[in-house]
Amino acid sequence: MRISQLFGKRLREIPTDADTESHRLLLRAGMICQLSAGVYSYMPLALRSLRKIENIVREEMNLTGAQEVQMPSLQPVELWQKSGRETAMGQALFHLQDRKERDLVLGPTHEEVVTDMAGRNVQSYRDLPFTLYQIQTKMRDEPRPRGGLIRVREFTMKDAYSFHASEEDLDFTYKQMVQAYKNIYRRCGLPAIMIEADSGAIGGKDSQEFMAVTDIGEDEIIICDGCGMGANVEKAVSIKPKASCNPMLDIEEVATFEHKSIEQLTTFLKIPAMQTLKAVFYYADGVVVFIVIRGDLDVNEVKLKKVLHAADLRLASDEEVKCAGIIAGAASPVGLRGIKIVADESVLSGANFVAGANKAGYHLKNVNYLRDFTADIIADIAKAKAGDACTICGGTLRTMRGMEVGHVFKLGISISGKLGANFVDESDAPRPIIMGCYGIGIGRLMAAIIELNHDDKGIIWPMSVAPFQIALCPLYVDNAAVVKQADSLYKGLTNLGYEVLYDDRIESPGVKFNDADLLGMPLRITVSPRSLEKGSVEIKLRNNPQAEVVALDNAIAKVKALLAG
């Protein structure tokens with residue numbers, strides 16, 4: 001491909017609205033074009049890279065015995081209502097109607113469709129197991145698209161689904177898929193770690209995410225320095241620091257004036273945060289819920305949502321809190337009636353807490369669970385944090401940021417049971433098909449590769465997914481000898497099957513070198529009048545600051561050796 005014929009323009013200025021490095025570089029390199037918020041066109045260079053990633057994914061899926069299919073994006077809403085996930089997906093689900101006013105959705109994923117398809121084709125255990133996958137466009141109405149291809153409203157995804165007669169068989173395929181994912185990331189040049197994760201709206205039981213560790217990641221990851229246990233903070237559990245468990249004292253009201261926050265309160269009363277009880281108010285499916293948690297801890301909303309079995313959960317507004325009869329800044333579960341109370345299990349660890357007095361300007365000292373208040377639900381709803389102890393080995397937990405680049409689930413019968421996708425077992429009894437689900441966002445994977453493979457000059461593509469393997473840069477193309485030699489190299493390399501991006505433009509050496517670094521092809525060949533005088537060319541790897549002068553008659557052999565390495 002000659003750059004003079006390549007569709008798309010490079011940008012000299014750094015886009016001000018891009019909030020991640022991959023977003024900035026993809027825009028500057030002319031690889032993506034934004035149509036609207038969270039909706040992008042892939043330009044020729046990006047599409048070449050995407051296709052290579054897809055091929056790696058496809059090869060690894062095929063090696064597991066998975067079969068490729070193509071399922072429709074338009075899906076009848078009845079399937080989602082039947083599975084119960086129309087409500088779980090909430091506003092992320094795009095709804096529309098056809099001309100006959102039949103309700104449809106645009107597929108954000110395909111569990112319902114593939115389960116329906118399996119149910120129509122499976123009769124007995126002899127039809128199992130099998131795995132189906134596709135690489136297809138998905139649509140989700142993200143409230144806050146960000147990061148270019150990291151969080152979008154339309155995206156390409158590889159989604160695979162396995163179907164089994166037994167949990168043991170699901171376990172076998174699940175392990176196969178985990179290994180296939182590890183192979184995919186290795187082949188794409190992307191370090192990724194596997195951690196425990198929450199299943200979210202997908203449902204099911206066991207769930208693992210693959211994370212690319214990066215400071216711009218949306219997810220907080222908890223890692224144990226002792227045993228290496230890793231989990232998304234949404235899923236992570238920990239041993240909470242112990243609060244004092246002195247003998248219970250008589251409850252006592254104290255004036256705290258305008259000191260409302262935990263920080264203000266602990267400073268004023270000269271006590272540690274773990275000696276306080278914090279009140280947090282949520283709006284769960286239209287009802288205000290009172291949350292009680294120790295003052296040194298934060299609420300994990302994913303855990304809370306599961307405990308409440310809530311489809312919709314958010315912090316309650318000031319007006320909603322006021323209408324519920326709660327005095328914000330001085331609220332406590334002591335003596336409270338007519339509102340659901342959920343307490344973190346940390347209220348059981350300690351005694352003589354300070355809590356609100358349900359009276360402005362006052363708090364209560366020496367508040368104890370059971371004696372002074374009870375809760376409708378007690379559960380672990382706290383967010384694990386750095387410095388906590390690991391529940392497995394007692395080691396110290398630390399945190400890092402990560403970007404999800406893959407997710408695997410053991411769905412079990414959570415969807416097949418609701419959609420009536422059954423098989424007849426060996427005793428002629430009908431049973432729901434046991435399922436697994438395995439997803440990789442292709443565009444997000446490309447963005448993650450760039451996030452972890454770039455410098456201040458531009459992208460540094462891993463060889464396996466680079467749009468082109470070689471950038472050929474002839475300098476001073478008004479020189480006939482330079483053009484002749486560049487044309488000869490271009491023809492020779494392409495005839496050998498190498499992918500070459502030939503910069504045939506009439507531009508200065510600085511512009512050509514800057515563009516070559518920005519676009520990030522793994523290897524650059526420079527042909528110049530000065531090098532030709534010495535019967536040589538310069539060959540440079542993108543991730544190596546030094547170029548090597550190579551004799552013309554050895555240039556192609558050198559390229560072969562470098563690309564093979």
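Computation of the quantities below employed the complete heavy-atom set of this structure, encompassing side-chain atoms and omitting hydrogens, waters and symmetry-equivalent molecules.
Between Arg140 and Glu154, no side-chain nitrogen of the basic residue sits less than 4.0 Å from a carboxylate oxygen of the acidic one, so the salt-bridge criterion is not met. Remark: Asp159 engages Lys138 in a salt bridge, criterion side-chain N to carboxylate O under 4.0 Å. Salt-bridge annotation for Arg398 and Asp225: present, with a side-chain N of the basic residue lying under 4.0 Å from a carboxylate O of the acidic one. Between Arg153 and Glu142, none of the side-chain N atoms (NZ, or NE/NH1/NH2) sits under 4.0 Å from a carboxylate O, so this pair counts as no salt bridge. Ionic pairing of Asp171 and Lys410 is present here: one or more N-O contacts between side-chain nitrogen and carboxylate oxygen are shorter than 4.0 angstrom. Under the 4.0 Å criterion applied to side-chain N and carboxylate O atoms, Glu218 and Arg444 are assigned as salt-bridge partners. One finds a salt bridge joining Arg85 and Glu111 here, because a Lys/Arg side-chain nitrogen approaches an Asp/Glu carboxylate oxygen to under 4.0 Å.
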Legend entry - From CA spacing to verdict: salt bridge (Lys or Arg N to Asp or Glu O under 4.0 Å), Lys359, Glu253: CA-CA 10 Å; Lys359 184 165 69 171; Glu253 184 178 276; 3.0 Å; yes

Legend entry - salt bridge (Lys or Arg N to Asp or Glu O under 4.0 Å) between Lys240 and Asp380, worked out: CA-CA 10 Å; Lys240 304 174 180 72; Asp380 174 21; 3.3 Å; yes

Inset, instruction - Determine, stepwise, if the pair Lys82 / Glu112 fulfils salt bridge (Lys or Arg N to Asp or Glu O under 4.0 Å). - result: CA-CA 9 Å; Lys82 198 171 181 181; Glu112 280 75 9; over 6 Å; no

Legend entry - Leu308 and Val342: CA distance, side-chain angles, deciding distance, side chain to side chain contact (heavy atoms under 4.5 Å, CB included) verdict: CA-CA 9 Å; Leu308 291 171; Val342 179; 3.8 Å; yes

Inset, instruction - Just do the salt bridge (Lys or Arg N to Asp or Glu O under 4.0 Å) check on Asp298 and Lys278 with the steps written out, would you? - result: CA-CA 9 Å; Asp298 292 317; Lys278 179 164 54 179; 3.2 Å; yes

Inset, instruction - Evaluate the criterion side chain to side chain contact (heavy atoms under 4.5 Å, CB included) for residue pair Tyr181 and Val405; output intermediate values, then yes/no. - result: CA-CA 10 Å; Tyr181 274 42; Val405 291; over 6 Å; no

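Between Gln176 and Thr64, the side chains place no donor N or O within less than 3.5 Å of an acceptor N or O (distance only, hydrogens not considered). In this structure, a donor-acceptor pair under 3.5 Å is present between the side chains of Asn368 and Asn352. Of the N and O atoms on the side chains of Asn183 and Glu60, at least one donor lies less than 3.5 Å from an acceptor on the other residue.
To the nearest 0.5 Å, atoms NE2 (His363) and OG1 (Thr276) are separated by 8.5 Å. Distance CG/Leu149 to CZ/Arg151: 13.0 Å, rounded to 0.5 Å. Rounded to the nearest 0.5 Å, atoms CG (Asn300) and NZ (Lys306) are 10.0 Å apart. To the nearest 0.5 Å, atoms CD (Glu21) and CD1 (Ile459) are separated by 9.5 Å. Atom CD1 in Ile413 sits 11.5 Å away from atom CD1 in Ile415 (nearest 0.5 Å). In this structure, Ile291 CD1 and Glu301 CD are separated by 10.0 Å, a value rounded to the nearest 0.5 Å.
Two rings, from Tyr133 and Tyr161, have their centers 6.0 Å or more apart. Between Phe423 and Tyr125, the distance separating the two ring centers is not shorter than 6.0 angstrom. Proximity of the aromatic rings of Phe409 and Tyr438 is defined here by a centroid distance below 6.0 angstrom, and this criterion is not met.
Using modelled atom types, no side-chain atom of Asn366 and backbone atom of Glu252 make a donor-acceptor pair closer than 3.5 Å. In this structure a side-chain-to-backbone donor-acceptor pair under 3.5 Å is present from Glu320 to Ser317.
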Which pairs would a plain distance check flag for residues 322-340, meaning a side-chain donor or acceptor within less than 3.5 Å of a matching protein atom at least two apart in sequence or in another chain?
residue	atom	partner	partner atom	Å
Ser332	OG	Val334	N	2.9
Ser332	OG	Gly356	O	3.0

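In this structure, Phe268 and His259 have parallel ring planes: the angle between them is below the 30° cut-off, well short of the 60° mark. In this pair, Phe163 and Phe130 present their aromatic rings parallel. The plane angle is below 30°, not in the 30 to 60° band.
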